[in-house]
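Structure, as structure tokens:
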Amino acid sequence: MARTAALEGRLDRLESAEAIRDLVGRYALGADRRNDPAIFRDLFTEDAVWEAEGFGRHEGRETILDAISSIAREQIVWTLHFMTSPIIEIDEGGDTARCRWWLWETSKIAARPGDAPVAHWLGGTYDSRLRRVDGVWRFRHVTLALSLISPHADGFTTV
């Protein structure tokens with residue numbers, strides 16, 4: 001009986017880790033589709049927080065969706081996200097977790113709304129807290145710390 005419970009616990013943790021990796025991948029997909037609210041809506045808890053220096057702190061799912069959609073419309077107008085090496089720590093109770101990963105991103109950034117976008121390389125780290133709600137993992141707090149924002153003088157062609 002105890003072995004079965006232990007095995008079920010291990011299986012739940014493995015399935016949770018895979019679900020969280022998938023969540024990170026769907027975050028990248030939504031970001032690369034101009035912070036598509038239809039994709040992002042299912043990624044956050046209702047009381048979530050999203051923050052990044054230079055882009056502000058936004059509380060509540062709807063506020064986050066509005067803010068990041070605005071960023072994609074006005075500032076970072078094209079992206080290709082590479083989310084790498086997620087470190088997932090599932091808390092003892094099994095319904096909360098922490099996930100940290102690295103970001104490498106090619107992007108086109110407008111200095112001000114209406115300016116022509118310029119090719120940039122971006123790099124940094126994400127640190128997130130997650131909660132399982134009705135069996136589904138969602139972000140409850142996401143912090144992006146950019147350590148590299150570098151224009152790419154030669155630019156690049158996007159398709």
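Because the structure is predicted, anything quoted here is derived from the model rather than measured.
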> side-chain contact (heavy atoms from CB on, under 4.5 Å) between T143 and S128: does it pass, once the steps are laid out?
Replying inline: CA-CA 6 Å; T143 303; S128 68; over 6 Å; no
> Given I20 and E18, is the side-chain contact (heavy atoms from CB on, under 4.5 Å) satisfied, shown in steps?
Replying inline: CA-CA 5 Å; I20 292 168; E18 281 305 306; over 6 Å; no
>> Test salt bridge (charged side-chain N to carboxylate O under 4.0 Å, His left out) on D36 and R26; report intermediate values, then the result.
In response: CA-CA 11 Å; D36 184 345; R26 286 186 287 128; over 6 Å; no
> Please walk me through it: do D12 and R132 pass side-chain contact (heavy atoms from CB on, under 4.5 Å)?
Replying inline: CA-CA 12 Å; D12 181 61; R132 185 164 32 186; 3.0 Å; yes
>> Applying side-chain contact (heavy atoms from CB on, under 4.5 Å) to W78 and T106, what does each step give before you reach the verdict?
In response: CA-CA 8 Å; W78 179 88; T106 57; 3.6 Å; yes
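The shortest non-hydrogen separation linking A28 to M83 is CB-CG, 3.7 Å. The minimum heavy-atom distance between T63 and H58, with the atom names listed, is CG2-CB, 4.2 Å. Of all non-hydrogen atoms in I90 and S16, the two that sit nearest each other are CD1-CB, 3.6 Å. Closest approach of R61 and R41 over heavy atoms only: CD-O, 3.1 Å. Of all non-hydrogen atoms in W104 and G123, the two that sit nearest each other are CE3-CA, 4.3 Å. Nearest approach of R33 to I39, heavy atoms of both residues: CD-CD1, 3.9 Å.
Under a 3.5 Å cut-off, the side chain of D115 and the backbone N or O of A110 do not form any donor-acceptor pair.
With values rounded to the nearest 0.5 angstrom, W121 atom CH2 is found 15.0 Å from I149 atom CD1. Annotation: the span from L65 atom CG to F40 atom CZ amounts to 8.5 Å, rounded to 0.5 Å. Rounding to the nearest 0.5 Å places CD of E51 at 8.5 Å from CD of E59. One finds the CD1 atom of I71 at 10.0 Å from the CZ atom of R73 (value rounded to the nearest 0.5 Å). Distance check: C99 SG to Y126 OH gives 11.5 Å after rounding to the nearest 0.5 Å. We find the OG1-CD1 distance between T79 and I109 to be 10.0 Å, quoted to the nearest 0.5 Å.
The shortest distance between side-chain heavy atoms of V49 and R57 falls below 4.5 Å. The side-chain heavy atoms of H81 and L103, taken from C-beta on, include a pair separated by under 4.5 Å. Taking 4.5 Å as the limit, some side-chain heavy atom of V142 sits within range of a side-chain heavy atom of Y27.
Between the side chains of W101 and T125, not a single donor N or O lies within less than 3.5 Å of an accepting N or O. Of the N and O atoms on the side chains of S69 and N35, not one donor lies less than 3.5 Å from an acceptor on the other residue. Inspection of the E105 and H120 side chains reveals no N or O donor paired with an N or O acceptor under 3.5 Å.
Both L146 and F139 belong to a common hydrophobic cluster when Ile, Leu, Val, Met, Phe, Trp and Tyr are linked at side-chain heavy-atom distances under 4.5 angstrom. In the hydrophobic clustering of ILVMFWY residues, with side-chain heavy atoms under 4.5 Å counting as a link, L144 and F44 come out together.
Between E8 and R10 there is no salt bridge, since no side-chain nitrogen of the basic residue lies less than 4.0 Å from a carboxylate oxygen of the acidic one.
No more than 12 heavy atoms of other residues, nucleotides or ligands lie within 6.0 Å of CD in E53, so this atom counts as exposed by the packing criterion. Summarising the local packing, CZ of R100 is surrounded by more than 12 heavy atoms from other residues, nucleotides or ligands at distances under 6.0 Å.
Through direct or indirect side-chain contacts shorter than 4.5 Å among Ile, Leu, Val, Met, Phe, Trp and Tyr, W102 is connected to I87.
Put simply, the residue from D95, D47, T96 that forms a side chain to side chain donor-acceptor pair (under 3.5 Å) with R131 is D47.
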